Protein chains: 2
Amino acid sequence: MPTLDEYAKPSVAVDLAIMTVIDGDLCVLLVNRPEGDIVGWAMPGGFVHIDEALEDSVQRVLSEKVGTKPIHFEQLATYGALGRDPRSRVISIVYLALCPSEVLGGANLAKVIIDWEGEVGGRVAAQMNGARLPLAFDHAAILGDVVKRLRGKLDYSPIGFALLPKRFTLREVQEIHEAILGKPLKKPPFRRKLLDRGMIVPTGEFETGGAYRPAELYEVKSKE
Amino acid sequence: MPTLDEYAKPSVAVDLAIMTVIDGDLCVLLVNRPEGDIVGWAMPGGFVHIDEALEDSVQRVLSEKVGTKPIHFEQLATYGALGRDPRSRVISIVYLALCPSEVLGGANLAKVIIDWEGEVGGRVAAQMNGARLPLAFDHAAILGDVVKRLRGKLDYSPIGFALLPKRFTLREVQEIHEAILGKPLKKPPFRRKLLDRGMIVPTGEFETGGAYRPAELYEVKSKE
DNA sequence: ATAATAGTGTCTATTAGACAATATCCT
DNA sequence: AGGATATTGTCTAATAGACACTATTAT
């Protein structure tokens, strides 16, 4: 109930869409809601404290609930529909965070199943080990927006490299792009476009351990 | 102060960047803050009520403070730095709204002066009748983001048409684009690109009243 | 030698931009 | 008729995509 001198305020939360690519599949880190509460899987999140900047809330949720630092994060959008959390009015500021899969060891990574392909305003499903996971709140729709943002920014921004280790082969970059776009790409044009962008430079070193011809390792060009 | 069973909550507001183009200048609707309060000019805004969806807050602010309905509005971003409102912690969800200048009669429209040209993260200045207006809060930086969003979406989305009346000439479209991009465009390539997009259709009617040859009127193609 | 992948060369289709020429309408 | 703008035509540069080919390495 509102006090005398102020209106009741909504709660404000940050929710994190922590994305990675594993074996050619776009994946998101989800947490299982405790029983008796909201059922289903949800993006990790937390309330924004009164003395805490939004990015600090993001960092706190990362260290409290995830235990890792993403390479890149950016604000996606804010969701404030009335019934989105049935317990109370919560406005969620959603951040998109990107990590290479290596640094997310042991976390609950759910494969993101895009089931709209071409339509607009799409939702998304999630599965883990082949089983469908129920998504809590409006997180299926939010993840649809996440995928749209990723696809939109993929080839004119360096976000794809945030999903890769410091040094990577061109094939690995292509696998990331194919996973996000959900379609295969031709190798030669992809290589050119990438190299013509001028965002990456060859290191002169080569991958090891693989069968057959090793590919050169590249890294993101440091801004001079 | 927080009550026993909950933390203190930030306030949540919506702020509106209501943009238009007048005589080739990108303009924004601002309100003058009352004296004794925050000094300077600010975007119109209001607090989000506990039982009100974000878009409903936007509509309420529009009817209370502006008295007009924009052709198009979309969420831009959410700003929550700690000191942005010196009176209390306020998190602002900023919406970008677009209107043709004809429907904003008599409002306080300030010309947006872009003073960064090419750099990243830019702020913006405002002037009215040639005099510089002081911008309150972090609204100079927010308006920088507004301009960036406008420029980025201009030529692959129909937002430019939201600044025009229902029927318009190709020259008028070009003037809108030049105002937003801040640079002149060549007429023939601009015409083709626009027509090849397939988003507008000729009406067969022509403008009247102007000196010299009248141009054909176009309108946005209705989706079938 | 062979298999499998890395990397290159060439061609074509599409698109964006520059520039010149023509068409049309008002005064 | 003349002036200003609308509209069209042609050319060029840059880009994206398809496809064939060569190069390199582990087995």
Side-chain angles (χ1 to χ4, degrees), chain A residues 21 23-24 118 151-158 160-161 164-165 167-221, chain B residues 23-24 118 151-158 160-161 164-165 167-219 221:
Chain A
V21 171
D23 294 337
R151 289 183 172 178
K153 290 188 73 166
L154 192 56
D155 68 308
Y156 69 92
S157 88
F161 305 116
L164 290 164
R167 308 169 134 210
F168 46 81
T169 66
L170 298 182
R171 169 180 37 78
E172 290 173 316
V173 183
Q174 185 170 344
E175 282 169 2
I176 296 289
H177 282 236
E178 289 176 337
I180 292 175
L181 297 175
K183 66 181 181 187
L185 300 169
K186 309 284 177 181
K187 184 155 60 167
F190 183 79
R191 286 179 60 91
R192 319 260 182 172
K193 193 162 65 170
L194 211 54
L195 294 173
D196 291 351
R197 289 272 187 285
M199 290 194 298
I200 59 176
V201 290
T203 64
E205 300 191 35
F206 291 81
E207 65 180 342
T208 59
Y212 312 115
R213 178 177 176 180
E216 185 162 11
L217 293 169
Y218 288 76
E219 54 188 28
V220 176
K221 183 191 284 185
Chain B
D23 294 336
R151 289 183 173 180
K153 289 189 73 165
L154 191 58
D155 69 309
Y156 70 92
S157 87
F161 305 116
L164 290 163
R167 305 167 137 211
F168 47 82
T169 65
L170 297 184
R171 168 179 37 78
E172 289 173 315
V173 183
Q174 184 170 345
E175 282 168 2
I176 295 289
H177 282 236
E178 288 176 337
I180 291 174
L181 297 176
K183 66 179 183 189
L185 300 169
K186 309 284 177 181
K187 185 154 61 169
F190 183 79
R191 286 179 60 91
R192 318 263 180 165
K193 193 162 67 171
L194 211 55
L195 294 172
D196 290 352
R197 288 273 186 284
M199 290 193 298
I200 60 175
V201 290
T203 64
E205 301 193 34
F206 291 80
E207 63 180 343
T208 59
Y212 314 115
R213 178 178 176 182
E216 184 162 11
L217 293 169
Y218 288 76
E219 56 187 26
K221 183 190 282 183

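Just so you know, these numbers use all the heavy atoms, side chains as well, and skip hydrogens, waters and symmetry mates. Here the structure is a predicted model, which is why all the values come from computation and not from measurement. Proteins get letters first, then strands, A, B, ... in listed order; numbering begins at 1 in each.
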A/Pro188 side-chain proximity, nearest of C/dG7, C/dA20, C/dT8: C/dT8
Over all atoms of both residues, closest heavy-atom pair of A/Met199 and A/Phe161: CE-CE1, 3.8 Å
Heavy atoms of other groups near A/Asp196 CG, more than 12 under 6.0 Å: yes
Between C/dA6 (C1') and A/Phe190 (CZ): distance, integer Å: 15 Å
Shortest non-hydrogen contact between B/Glu172 and B/Arg167, atoms and distance: OE1-O, 4.4 Å
Heavy-atom pair with the smallest gap, counting every atom of A/Gly160 and A/Leu154: CA-CD1, 4.1 Å
From CZ (A/Arg151) to NZ (A/Lys183), nearest 0.5 Å: 8.5 Å
Contact nearer the 5' end of DNA chain C, comparing A/Pro189 with A/Glu207: A/Glu207
Spacing between A/Arg191 atom CZ and C/dT10 atom P, to the nearest angstrom: 16 Å
Aromatic ring pairing A/Phe190/A/His177, orientation class (parallel under 30°, perpendicular over 60°, tilted between): perpendicular
Sugar-phosphate, base or nothing in reach of B/Lys187, heavy atoms under 4.0 Å: base
Positional range of nucleotides in DNA chain D within the contact set of chain A, heavy-atom, under 4.0 Å: D/dA16 to D/dA26
Touch class at under 4.0 angstrom, heavy-atom based, for A/Arg171 against every strand present: sugar-phosphate
Whole-Å distance separating the CG atom of B/Leu195 from the P atom of C/dT15: 14 Å
Heavy-atom closest contact (B/Lys193 atom, B/Asp155 atom, distance): NZ-OD2, 4.0 Å
Protein-nucleotide distance (A/Lys186, atom NZ; C/dT12, atom P), rounded to Å: 18 Å
Atom pair CG/CG of A/Leu170 and A/Leu217 - distance to nearest 0.5 Å: 9.5 Å
Atom pair CZ/CZ of A/Arg171 and A/Arg191 - distance to nearest 0.5 Å: 11.5 Å
Exercise: identify the closest heavy-atom pair between B/Ala179 and B/Gly24: CB-O, 3.3 Å
Paired stretches of DNA chain D - 3 or more consecutive Watson-Crick or G-U pairs, each distance under 3.5 Å: C:1-27 with D:1-27
Nearest-nucleotide comparison on DNA chain D, the residue closer to the 5′ end among B/Leu217 and A/Leu185: B/Leu217
d(CD, A/Gln174; P, C/dA6) in whole Å: 9 Å
Between the protein and nucleotides 23-27 of chain C, list every N/O to N/O distance that falls short of 3.5 Å.
| residue | atom | partner | partner atom | Å |
| --- | --- | --- | --- | --- |
| C/dA23 | N3 | B/Arg213 | NH1 | 2.6 |
| C/dT24 | O4' | B/Arg213 | NH1 | 3.3 |

Shortest non-hydrogen contact from B/Arg213 toward B/Glu207: O-OE2, 4.2 Å
Separation of atom CZ in B/Arg197 from atom P in C/dT14, rounded to whole Å: 16 Å
